[in-house]
Structures are given as C-alpha cells and as structure tokens.
K.L.:
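Okay, here's the structure, questions in a sec.
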Amino acid sequence: MKTRKVTGLEFRLVQLLMFLNIWWVGVRLYKSPLKALKGLKELRTHGDKVLLGRSLSKAFRHEKKYGWDMFHPLWPSPAFDKFFYHHMEEVMPSGQNQGVLRRLLVAITKKCPLQCAHCSEWDTLNQKDVLSREELREKIQAMVDYGVSQIVYSGGEPLNRFDDLVWLIDQFRDSSNWVYTSGYGLTVEKAKRLKEAGCEGIAISLDHHDPDAHNAFRGSNKSFDWVKKAVLHCHEQGLLVSVNVCPTREYLAEGAMPNFVELMEEWQVPMVNVLEPRAVGHFANMDVELRLHEKNYLEELFYQYNFEEGWEEKPIFLYPAISRKHLRCGGGISYLLLDYDGTLRPCPFCKAPMKLNTEQKILCEA
C-alpha cells in the first residue's frame, strides 16, 4: 500500500507548491508573470464556483506524487503541467488559439462478461470490435497532440482486451493513464503489467456495500469478489485506486452511502467517485434519475467528507455532477469520448458525433 492521506501543514505546503507550479505553467503560456498570476486567480475563481469558496483540507500522497481526485494528473508530473496549461487557456484565453481539451475517454472494446443493470453501452455490448490497436493509437495520438494529458480506458470491460490495453498505455506513458474496470480478471500479475506500462490509476466499479446486492446489480455472483481482489492487487503493485459507485434511488433511501464509504476506508481506498444513474443504455426510458433531494443529499456528503472537521481520515468523496450546478458541462469542450468505432462524442451519455477541426482548433458537431 503506497497511498496515504495528506492533511494539516503538509497539505498546505503541498498546495502552495502546486499553485506555484501552476503559476509557472501560466508564465509559459502568457509570457508574463503578471498575466500568469491573473490566470491563476481566474483558475481559483473557476474552482470556487464548485467549492463555494471553501478550501480543500486534504489530499493524498501516492508514491512520490500528490493528488486530490481522479480527474487531474498527479503532481508533480509533465502531464499535470500540460493539463493546467490548457485549463488556464480555458479560463483566461491567451489569444494564441490554444486548445482546451484535456481528458479523453477511450472505449477500447464492446466485450464484457457482466450484465449490469445500469450499463450505458447495452445496445452494443459484446458486438465485434472494429478498431485495431494501431488505429486506436493513431486516434489517441491526434488527441494528445491537440492537448489531452489524461487518458481513461473503458469499454465494455477493457481488461477483456488486456494486451492491447497494456500496449496503448505504454505508448502514452507520458500521459496520466487510468483504467475503468469491473475488476474482472485483474490478477496481481496483470496489475503489475499495468503498473510497468505506465498506468497511473484504476477506477473499479462497486455499486453496493452488500456483496449479494452488488452481484445482483451486476448480473454475476462473482463480481463483488472480483472488486475486492482487484483493489488488493492494485495496492500490492502500487496502482492508485478509486472506486466508482452508481447509487440508485433505493440505495440512497436506505441511507447506505456512509456504509459504502466505511467499507472503502476499511479497504484503504483513498477515493470514492459517485456517478448518477442515467436513463440511457439498459436504463433507457426508465425512471431512474435522481430527484433533487437525492442530489442535495449527495452534495451534503461531498461537503461533509471533504471539508468538515473530523472527516479528514475518511476517503475523499467525489461527486462530479455537482459541477453542473455551477459550471458548463465539459463534454465536447475539455473532455471527449472516443467510441469503439473511432467516433468522437461528448461523453458516454451524450452520443452526438463530434469532429476536430485541426486548422481552426475547435470542436464541433459532425
């Protein structure tokens, strides 16, 4: 296990050094220390819209780097610098027509052994894959050239295409590489290969703290055990771990989210990432989306676990949907999905085709 919490004076020192690093990135972008300082302030203002002016009080140290979520590359790293170079361009344009794209989700396979209740790719599940790994590499490279510094591999179940997955991660080891998985077949040997290839983190899906309930949701009586073993193997091999959870309205009504977080604390998982159920894929045309009071409850947990005193040792509680209340959606702007057939889309839930106009450096509908 190589991840630990960072709080108190150590956190404030790391935060200061990180801000100085971002300021220096701004100097490179704007060619001016004063403009870089203004850009840093704009970046802070951008973040304050979600944090409501509150200051983060904890992060984590993984090996020799630091982070506070799974959506930014760890610091210090070239991927971190590149990410914030383009993020500053978004909040305060330099006038150089720089791109603002920073994150790419890559669906590398349609294959998956599960039958998840909430699967967003239900209509294409287990159909034939059409892109070779060389074709995937070429398409990813175009996005990296445009500005992407974090690559997230998903599916289907990306471990079903394991050799190609490892090869692709190795091709882009200078980026922040993440894998979204159910934990299926993630042996200690595979975790080691992912780490050696340059994988930064693994986000493993678990949708209930009770094994039987999770297995029923995922359509397999082995799924919970896969997750537990995958977490252990990632810890053993030094891979950063986050656990993704998609809580249903029924789960939230049980008041069970604290039970879930407690289990993650027991498993020494530093981050819990909450995804809202969406009426797409297997949930299409179903009344599954969270009500306002349920979203407000998750928002309360977000502020409680991350900002209130006495919760510093709990896992960081991520709830990315909270940003939609205060900021424009980044789909098609700061992040994209590269689908199984090579089509660019805003995200896994918004499937309008996109294209990259490399001459004018804008993203637009195809």
Side-chain angles (χ1 to χ4, degrees), residues 6-8 11-60 66-77 79-103 146-150 176 271 273-274 295-296 298-309 312 316-336 346-347 361-363:
V6 176
T7 59
F11 172 78
R12 293 304 170 198
L13 178 60
V14 168
Q15 188 181 47
L16 174 61
L17 292 174
M18 195 181 299
F19 283 144
L20 286 173
N21 189 160
I22 296 172
W23 170 78
W24 182 246
V25 168
V27 172
R28 289 170 40 214
L29 173 62
Y30 302 114
K31 315 301 181 188
S32 164
L34 291 178
K35 287 184 178 179
L37 182 60
K38 184 179 179 181
L40 180 59
K41 290 180 178 178
E42 289 295 328
L43 200 63
R44 291 291 304 273
T45 299
H46 183 83
D48 285 346
K49 291 178 181 178
V50 176
L51 304 182
L52 302 181
R54 307 184 192 195
S55 178
L56 289 172
S57 60
K58 63 183 177 182
F60 55 82
Y66 297 86
W68 64 95
D69 63 23
M70 57 190 285
F71 309 116
H72 300 79
L74 296 180
W75 174 84
S77 68
F80 179 94
D81 291 354
K82 184 178 180 181
F83 186 97
F84 278 96
Y85 184 91
H86 292 281
H87 197 1
M88 292 184 84
E89 176 68 29
E90 179 183 15
V91 299
M92 194 180 89
S94 66
Q96 303 174 59
N97 200 25
Q98 302 277 351
V100 301
L101 185 64
R102 304 184 291 277
R103 196 164 185 259
Y146 188 75
V148 162
S149 53
Q150 186 174 55
S176 168
M271 293 176 282
N273 181 40
V274 179
K295 295 180 180 183
N296 288 341
L298 290 173
E299 185 172 336
E300 289 171 6
L301 292 179
F302 170 81
Y303 290 116
Q304 180 185 73
Y305 280 109
N306 298 327
F307 300 98
E308 293 185 9
E309 291 186 9
E312 291 86 357
I316 294 171
F317 190 90
L318 305 175
Y319 180 40
I322 197 175
S323 65
R324 293 202 298 267
K325 290 182 61 176
H326 310 285
L327 301 170
R328 65 179 179 176
C329 177
I333 301 171
S334 60
Y335 63 85
L336 284 172
C347 78
K361 291 200 171 187
I362 59 172
L363 291 163

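When a residue number appears, it is its place in the shown sequence, counting from 1. Quick caveat: nothing in here was measured; it's all calculated off a predicted structure.
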K.L.:
Do the side chains of Phe302 and Leu298 get nearer than 4.5 Å, heavy atoms only?
P.N.:
no
K.L.:
With distance as the sole test, does Trp23 use its side chain to make a donor-acceptor pair with the main-chain N or O of Pro33 at under 3.5 Å?
P.N.:
yes
K.L.:
Nearest heavy-atom pair of Ile22 and Met88: which atoms, and what distance?
P.N.:
O-SD, 3.6 Å
K.L.:
Quick one: does any side-chain atom of His86 pair with a main-chain N or O of Gly99 as donor and acceptor, under 3.5 Å?
P.N.:
yes
K.L.:
Quick check: do Trp68 and Leu56 have side-chain heavy atoms less than 4.5 Å from each other?
P.N.:
yes
K.L.:
Any cation-pi pair here, Arg103 with Phe71, using under 6.0 Å and within 45°?
P.N.:
no
K.L.:
On the 0 to 90° scale, with breaks at 30° and 60°, tag the Tyr305-Phe317 ring pair as parallel, tilted or perpendicular.
P.N.:
parallel
K.L.:
Which word best sums up how the rings of Phe84 and His87 line up, parallel for under 30°, tilted for 30 to 60°, or perpendicular for over 60°?
P.N.:
tilted
K.L.:
Under a 3.5 Å threshold, yes or no: a donor from one side chain and an acceptor from the other, between Glu89 and Ser94?
P.N.:
yes
K.L.:
Considering only heavy atoms from C-beta outward, does the side chain of Leu43 approach that of Met92 to under 4.5 Å?
P.N.:
no
K.L.:
Looking at Val25 and Asp81, what are the two nearest heavy atoms and their distance?
P.N.:
CG1-O, 3.6 Å
K.L.:
Heavy-atom distance under 4.5 Å between the side chains of Phe307 and Lys58, does that happen here?
P.N.:
no
K.L.:
Restricting to non-hydrogen atoms, name the atom on Leu318 and the atom on Met70 that form the minimum distance, rounded to 0.1 Å.
P.N.:
CD1-CG, 3.8 Å
K.L.:
I want to check something: taking the side chain as every heavy atom from C-beta on, are Leu74 and Ser176 in contact at a cut-off of under 4.5 Å?
P.N.:
no
K.L.:
Does Leu17 reach the side chain of Trp75, with side-chain heavy atoms less than 4.5 Å apart?
P.N.:
yes
K.L.:
Hey, are Ser55 and Arg12 close enough side-chain-wise for a donor-acceptor pair under 3.5 Å?
P.N.:
yes
K.L.:
Considering non-hydrogen atoms only, spot the tightest contact between Met271 and Phe60 and give its length.
P.N.:
SD-CE2, 3.7 Å
K.L.:
Salt bridge check, Glu90 against Arg328: does any charged N sit closer than 4.0 Å to a carboxylate O?
P.N.:
yes
K.L.:
If you take all heavy atoms of Glu312 and Thr7, which pair is closest and at what distance?
P.N.:
CB-CG2, 3.8 Å
K.L.:
Go through the steps for Glu308 and Arg54 under the test salt bridge (Lys or Arg N to Asp or Glu O under 4.0 Å), then give the verdict.
P.N.:
CA-CA 10 Å; Glu308 293 185 9; Arg54 307 184 192 195; 5.3 Å; no
K.L.:
Are His72 and Phe80, when compared by the centres of their aromatic rings, separated by less than 6.0 Å?
P.N.:
no
K.L.:
Any idea which heavy atoms bring Cys329 and Tyr335 closest together, and the distance?
P.N.:
SG-OH, 3.6 Å
K.L.:
Under the side chain to side chain contact (heavy atoms under 4.5 Å, CB included) criterion, do Ile316 and Asp69 qualify, and how do the steps go?
P.N.:
CA-CA 7 Å; Ile316 294 171; Asp69 63 23; 5.6 Å; no
